[in-house]
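As structure tokens, the structure follows; a few thoughts come after it.
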Protein chains: 2
Amino acid sequence: MKPDSKIQSVARAFTIVDILAEAQDGLALNEIASRMSLPKSTVHGLISTLKDFSYVEQSVFTGKYKLGVRFFEVGNIVAQGWEVRTVAAPYISQLLEELGETVHLVVLDKMEVLYIDKRESRHSLRIVSQIGTRLPAHCTGVGKVLMAHLTPEQRAELISKKGLPRLTRNTLTDPEALKEELAKVKRQGYAIDNEEIMDSLRCVAAPIRDQSGNVISAISLSGPVGRLNGKSLEKAIKRVKETAEEISARLGYRSNRSLRLLVSGSVFPL
Amino acid sequence: MKPDSKIQSVARAFTIVDILAEAQDGLALNEIASRMSLPKSTVHGLISTLKDFSYVEQSVFTGKYKLGVRFFEVGNIVAQGWEVRTVAAPYISQLLEELGETVHLVVLDKMEVLYIDKRESRHSLRIVSQIGTRLPAHCTGVGKVLMAHLTPEQRAELISKKGLPRLTRNTLTDPEALKEELAKVKRQGYAIDNEEIMDSLRCVAAPIRDQSGNVISAISLSGPVGRLNGKSLEKAIKRVKETAEEISARLGYRSNRSLRLLVSGSVFPL
DNA sequence: AGATGCAATTCGATAATGCCGAACGCCGTT
DNA sequence: AACGGCGTTCGGCATTATCGAATTGCATCT
């Protein structure tokens with residue numbers, strides 16, 4: 001549960017949501033009540049209020065409760081609030097069509113990488129990911145890109161809050177090594193995740209800037225090391241960087257390079 | 001506000017969410033309080049609880065409140081709960097690539113058509129739609145498909161609850177005419193929305209069945225009447241029907257026809 | 001700089017409201 | 001026919017949300 005918030009009943013209602021979010025199939029009232037160590041009747045009052053607003057649904061057959069459609073509706077309103085998501089959509093589709101590997105769009109939220117959109121590869125061997133999930137920053141390509149553009153203070157805060165847990169043989173767990181890596185990432189304008197979060201998985205990531213030049217988001221292309229190497233890796237780096245620059249240009253970021261891209265004519269109509 | 005729900009404070013919290021969902025840019029505390037006719041301090045308590053759980057964010061600069069990322073996260077969990085969405089994803093992408101027009105995936109929820117996924121056309125002239133929004137059933141292709149497979153009682157309930165409001169010249173507003181249209185839709189296995197919700201917009205829609213044969217969802221292809229006519233309309237009807245059948249087959253629906261489709265080999269790997 | 005105004009917060013007394021245990025009703029099972 | 005497990009309802013009690021007033025914090029104006 002979150003820090004003891006002002007309004008008890010509202011906090012409890014959202015704790016119910018947290019519990020339902022973990023359960024794939026619905027949960028029985030008893031189950032929820034016992035997990036919260038509260039009487040059934042208390043939970044019932046809260047959950048029926050959630051039901052009234054369609055934040056929770058109850059199965060007609062089993063009586064079990066699960067998350068309701070209103071979360072989907074409101075969640076999409078939030079998604080529409082990210083301008084970068086709308087703008088990037090056709091570009092990341094294009095990237096998938098060209099290179100055939102899974103593409104992700106992410107932002108940094110609460111010191112973690114939040115996946116806000118994706119286009120999935122059609123290869124049988126592909127990573128499975130889910131929009132709306134979070135991953136640690138230090139061991140993902142997109143995470144390193146975003147960290148590279150933080151202030152030193154923010155970066156220190158991130159590391160002290162989240163640590164640098166090892167997930168694979170290659171994970172950078174030493175702050176100094178990570179610092180050097182981030183400097184390199186910033187210099188070359190892209191990051192590579194070389195099996196740092198998951199064995200056999202390689203990613204190429206590049207930063208997206210808004211009109212004030214701040215790095216607000218990142219895209220990545222992910223595939224198995226067997227496919228993402230040599231010439232294909234080089235092409236991936238080139239195209240991911242270019243695509244990120246095109247998206248930044250569309251968001252109003254005007255570098256010399258992106259100006260040239262704009263005049264030379266874009267793939268997609270305004 | 002919804003029917004006076006059990007727990008006042010929880011209901012009020014969600015009313016705040018409803019208000020924020022309508023406002024594109026954030027809202028000031030004062031504004032929210034006055035819209036709810038409640039004292040600022042009451043709203044403040046509620047909203048800071050929402051903030052603690054990331055259901056609401058507050059701008060550091062303006063102090064205004066807007067919906068938070070947690071809605072996006074939970075909304076995506078709900079989205080993953082629709083098996084049809086996962087299964088249909090590659091098929092509707094394929095449909096867009098082949099025909100170049102916007103594709104939608106919908107379900108019927110509370111007597112309305114709820115858009116749960118889409119692939120957007122790259123034509124400059126295209127309909128703009130948003131996932132997570134609702135449209136009336138009687139004047140959309142997908143809506144007519146879904147209505148056609150309701151029981152007469154459910155259909156009567158839908159009409160009595162929602163009415164048959166006229167949106168264009170072509171909207172079917174007469175219950176008898178609609179009944180005949182739905183019989184035709186059920187017979188031929190697809191529906192056409194011929195400028196019934198919006199001028200110049202034509203849609204082709206077909207039903208998706210689960211393994212028990214119930215129609216649980218529908219897909220549609222939408223484009224301007226200028227592009228969706230003659231031969232291209234015929235092709236659209238053929239491909240939309242086929243795609244809907246392929247998706248149904250993947251969901252476990254075994255008709256004679258879909259069995260043939262499965263053995264002949266599918267485009268996408270299992 | 002200082003003053004002014006506006007808006008977000010905090011505080012504390014009041015009583016309204018949410019809380020909880022017990023009782024009910026509804027299946028499916030023994 | 002009795003049982004057990006479940007969601008649901010009820011009503012008295014006291015905890016808890018509520019609300020007006022006071023306070024802080026931030027910009028802008030003088």
Side-chain angles (χ1 to χ4, degrees), chain A residues 1-70 212, chain B residues 1-68 70:
Chain A
M1 212 203 280
K2 289 278 140 58
D4 49 336
S5 296
K6 315 244 159 201
I7 310 299
Q8 188 186 59
S9 50
V10 176
R12 284 176 171 182
F14 285 127
T15 304
I16 294 175
V17 173
D18 287 346
I19 290 173
L20 290 176
E22 309 263 296
Q24 59 290 46
D25 274 350
L27 284 179
L29 181 62
N30 276 329
E31 182 63 22
I32 301 168
S34 75
R35 289 200 199 181
M36 297 180 71
S37 316
L38 285 174
K40 286 190 300 181
S41 53
T42 303
V43 176
H44 183 264
L46 295 165
I47 213 166
S48 55
T49 309
L50 286 162
K51 206 168 68 172
D52 288 344
F53 283 83
S54 296
Y55 286 104
V56 158
E57 282 168 19
Q58 186 173 23
S59 164
V60 183
F61 306 108
T62 64
K64 287 189 173 185
Y65 293 96
K66 61 172 190 172
L67 299 174
V69 284
R70 181 101 256 250
S212 7
Chain B
M1 214 204 278
K2 288 278 142 56
D4 50 336
S5 295
K6 315 243 157 201
I7 311 297
Q8 188 187 61
S9 51
V10 176
R12 285 177 169 179
F14 285 127
T15 303
I16 294 175
V17 172
D18 288 346
I19 290 172
L20 289 176
E22 309 263 296
Q24 59 289 43
D25 274 350
L27 285 178
L29 182 62
N30 276 331
E31 181 63 22
I32 302 168
S34 76
R35 289 200 199 180
M36 296 179 72
S37 316
L38 285 175
K40 285 191 301 180
S41 52
T42 302
V43 176
H44 183 264
L46 296 165
I47 213 165
S48 55
T49 308
L50 286 161
K51 205 168 68 173
D52 287 344
F53 283 81
S54 297
Y55 285 104
V56 158
E57 281 167 22
Q58 185 173 24
S59 165
V60 183
F61 305 107
T62 63
K64 288 189 173 185
Y65 294 96
K66 61 171 188 173
L67 298 175
R70 181 100 258 250

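Note that the coordinates shown come from a computational prediction; the quantities given were computed from them, not determined experimentally. Convention: sequence-line order gives letters A, B, ...; per-chain numbering from 1. The basis for the numbers below is simple: all heavy atoms, side chains too, and nothing from hydrogens, waters or symmetry mates.
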Taking only heavy atoms on the protein side, list every residue of residues 23-35 of chain A lying under 4.0 Å from any atom of DNA chain D, sorted numerically.
-> A:A28, A:L29, A:N30
Shortest non-hydrogen contact from B:T49 to B:G45?
-> OG1-O, 2.9 Å
Quick one: is A:H44 getting a side-chain N or O under 4.0 Å of the D:dG7 phosphate, OP1 or OP2?
-> no
To the nearest 0.5 Å, how far apart are CD1 in A:I7 and CG in B:L50?
-> 10.0 Å
Nearest whole angstrom, please: distance from the P of C:dC20 to the CE of A:M36.
-> 10 Å
N or O in side chain of A:Y65 less than 4.0 angstrom from D:dC6 OP1/OP2 | no
Residues at least two apart in sequence or cross-chain that pass side chain to side chain contact (heavy atoms under 4.5 Å, CB included) with A:S37, listed by chain then number, are none
Distance (rounded to the nearest 0.5 Å) between B:K6 NZ and A:H44 NE2 | 6.0 Å
Could you list the residues that satisfy ring-ring contact (aromatic ring centres under 6.0 Å, His included) with A:Y65, not counting sequence neighbours?
-> none
What heavy-atom pair brings A:V69 and A:E57 nearest, and what distance separates the two atoms?
-> N-OE2, 3.3 Å
State, with a plain yes or no, whether a side-chain heavy atom of B:R70 is found less than 4.5 Å away from one of A:D18.
-> yes
Got a list of protein N/O to nucleotides 28-30 of chain C N/O distances below 3.5 Å?
none

Where along nucleotides 17-25 of chain D does protein come under 4.0 Å, by heavy atom, of base (B) or sugar-phosphate alone (S), with - for untouched nucleotides?
-> SSBB-----
Approximate separation, where rounding is to 0.5 Å, of A:L20 CG and A:I32 CD1 = 4.5 Å
Rounded to the nearest angstrom, tell me the gap between atom NZ in A:K51 and atom P in D:dG7.
-> 11 Å
Would you work out how much the helix from C:dA1-D:dT30 to C:dT30-D:dA1 bends between its ends, with each end axis defined by five base pairs, to 10 degrees?
-> 30°
What class does the angle between the rings of B:F14 and A:F14 fall in, given that below 30° is parallel, 30 to 60° is tilted and above 60° is perpendicular?
-> perpendicular
Rounded to whole Å, the CD1-P distance (A:I47 to D:dC6) equals 15 Å
Does the side chain of B:R35 reach to within under 4.5 Å of the side chain of B:L27, using non-hydrogen atoms?
-> yes
Can you check the A:K64 NZ to D:dT8 C1' distance for me, whole Å?
-> 18 Å
Side-chain heavy atoms of B:K66 within contact of B:D25, under 4.5 Å = no
Validation row: B:V17, A:Y55 side chains within 4.5 angstrom (heavy atoms) = yes
Assess the side chains of B:K64 and B:Q58: does a donor N or O sit below 3.5 Å from an acceptor N or O?
-> no
